[in-house]
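Below is one structure, written out as structure tokens, with a few remarks after it.
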There are 2 protein chains.
Amino acid sequence: MTPENPHYFRCLEALKGSIIFKDLDSIDIQHLIKKMTRIKWTAGVFKRSFEFNSSLHVIVSGRLKMYQINPSTGREHTIYILTKGDVFDVMHLMDNKTHDVYWETLDDLEILTISIIEVNQIIEENPKIYHSILKYIGHMMRMLEEESNDICLHNTLTRLSHLLLKHMDGESHQLKTINNLPNNEIANLIGTTRAVVNRHIQELKKAGAISVKRKHIDIENLDTLIAIAEEKYTNI
Amino acid sequence: MTPENPHYFRCLEALKGSIIFKDLDSIDIQHLIKKMTRIKWTAGVFKRSFEFNSSLHVIVSGRLKMYQINPSTGREHTIYILTKGDVFDVMHLMDNKTHDVYWETLDDLEILTISIIEVNQIIEENPKIYHSILKYIGHMMRMLEEESNDICLHNTLTRLSHLLLKHMDGESHQLKTINNLPNNEIANLIGTTRAVVNRHIQELKKAGAISVKRKHIDIENLDTLIAIAEEKYTNI
DNA sequence: AATCATCTGCTACTTTAGTAGTGGTTTTGT
DNA sequence: ACAAAACCACTACTAAAGTAGCAGATGATT
């Protein structure tokens, strides 16, 4: 992708905003973006990760769900929802082993692609980028660890509350990333089912913590929500 | 630690066997071990990770449980059981942020310690070590991802069977690492409670998949166990 | 404007997991 | 050798989560 491209600026900005690339020098980023290709995937598209083994992708806009399925029950577990600045599949980059997961676009997705070979070249030339890679992977790994702790140590209502708090914007108190998702997708994020999520949404509503419109949750009383998340709210 | 130390050879061998250091040149390993100090922690000792922020540790012998607690219920979740060649705390090395978890020694533990500052120096001098670090972290991250998928997608019996299979030695069919653990600790590994684990152990016994002595499980019929783990065994 | 597909809220029900407690065995420590 | 502690097997019970299904609301499509 060259500077003449009408999307160049937006793509550059996405790279500069990502944990993994933001510490690179401006010149190095421009060098990187030159080797990348812009691709669009439409919303609702399904992919298998191992078919994209030979390249690395950076999200410029839109959301991508990374998930796993239990083939005998059809149940799904969403591992991550990746957004602007996220890189995939980082697992394959780390140990070069097959990572068999499913991807599904939640919106129209705009990504920058680069071949793994070229990534490795760039890394070799700029070993300092390892530092940012570790930082990024640390971030992802903490999310995984937090999730498994959450599921093991807390019930579904607590987990739902944690999810809402985790995705709440600190200032506007609006939900980011997960707003606009149906109950079903929320369930996949916390390891339960649609009916259970809906049951708890009704409870949170009754407690006055949230209000709900179709595919939209507003946080009405943050203190209540926090109390529920910390298992200190008794009147539920 | 110097070559004169009576434990030198064993420590060297532990480093050479670890994913993270095994690709280093022999000279570099010797350089590394010189800056390390050998420490012993007795079995059953409890530690808080953030008190060891400034150093990195490599296990020479023994097992260390890394876990998290729900303060309001007292329930525990074992994140990893670290053994020979494992490095901790790798999370802090990655992003330099506090990682608040608990540690408990399951055996007498023998570790090599080195200050983070010196680690960073060594890494800077040998950027190729990043490659091994990524490989090691990838390995740990896959375990986390697998665990959270497991918990979300499968019931407790299936998870117990997965645990047994995962820790089974391919040749001897003996359990490694987790043998010698009480039901309680097994429960913490798969996100459930002692009573449930025991119930399922009785089921696996009845199905002929395993036999049990005190703190010791033997796999009697691997095919049965695999069938149960794959949710294809119906007569349970 | 009518149709279709998706999503929510709800009820009734089943299954699974978790809690509590107890007697008895094995191991550990003194 | 004995007492104490840890652990296992088991029962009975409770609570939580999951399943199934449906009516009505909503939004998208044609």
Touch class at under 4.0 angstrom, heavy-atom based, for A:Lys213 against every strand present:
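It contacts nothing in the nucleic acid.
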Roughly, in whole Å, what's the span from [atom1] in [X] to [atom2] in [N]?
| X | N | atom1 | atom2 | value |
| --- | --- | --- | --- | --- |
| B:Arg159 | C:dG18 | CZ | C1' | 12 Å |
| A:His200 | C:dT8 | NE2 | C1' | 16 Å |
| A:Arg194 | C:dC10 | CZ | P | 12 Å |
| A:Ile151 | C:dT16 | CD1 | P | 20 Å |
| B:His154 | C:dT15 | NE2 | P | 21 Å |
| A:Gln202 | C:dT11 | CD | C1' | 13 Å |
| B:Glu231 | C:dT16 | CD | P | 11 Å |
| A:Glu185 | C:dT8 | CD | P | 10 Å |

Find out whether A:Leu160 and A:Ile201 are in side-chain contact, i.e. whether some heavy atom of one side chain is under 4.5 Å from a heavy atom of the other.
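Side-chain contact under 4.5 Å: yes.
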Flag side-chain contact, heavy atom, 4.5 Å: A:Ile178 against A:Ile186
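With C-beta onward as the side chain, the pair stays apart.
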Minimum-distance pair of heavy atoms, taken over all atoms of [X] and [Y]:
| X | Y | value |
| --- | --- | --- |
| A:Ala43 | A:Asp108 | N-OD1, 2.8 Å |
| B:Glu76 | B:Asn188 | O-OD1, 3.3 Å |
| A:Cys11 | A:Arg38 | SG-CD, 3.9 Å |

Does C:dT8 have its OP1 or OP2 closer than 4.0 Å to a side-chain nitrogen or oxygen of A:Asn183?
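Answer is yes, contact under 4.0 Å.
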Which residue is it: B:Phe52, B:Phe50, B:Tyr80, B:Tyr67? I am looking for the one with a ring pair (Phe, Tyr, Trp, His ring centres under 6.0 Å) to B:Trp103.
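Going through the options one by one, the only one that passes is B:Phe52.
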Would you find a donor on one side and an acceptor on the other, under 3.5 Å apart, between the side chain of A:Asp86 and the backbone of A:Thr83?
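Confirmed, A:Asp86 side chain pairs with A:Thr83 backbone.
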Among C:dG18, C:dG9, C:dA12, the one nearest A:Asn198 by side-chain distance:
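Of the options given, the side chain of A:Asn198 lies nearest C:dG9.
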Opening and closing nucleotides of DNA chain D in contact with chain B, under 4.0 Å to non-hydrogen atoms
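With heavy atoms of chain B under 4.0 Å away, the range is D:dA6 to D:dA12.
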Find which nucleotide of DNA chain C each of A:Lys215 and A:Ala195 is nearest to by heavy atoms, and output the residue with the more 5' nucleotide.
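The residue mapped nearer the 5' terminus is A:Lys215.
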Ignoring hydrogens and geometry beyond distance, is the side chain of B:Arg75 in donor-acceptor contact with the base of C:dG18 at under 3.5 Å?
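Not at all, since no donor on one side and acceptor on the other fall under 3.5 Å apart.
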Check the angle between the aromatic planes of B:Trp41 and B:His57 and answer parallel, tilted or perpendicular using the 30° and 60° thresholds.
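B:Trp41 and B:His57: tilted rings.
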Pair B:Gln174-B:Asp218, side-chain donor/acceptor within less than 3.5 Å
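There is such a pair (donor and acceptor under 3.5 Å, judged by atom type) between the side chains of B:Gln174 and B:Asp218.
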Below 3.5 Å is the cut-off: list the nitrogen or oxygen pairs between protein and nucleotides 27-30 of chain C, distance only.
none

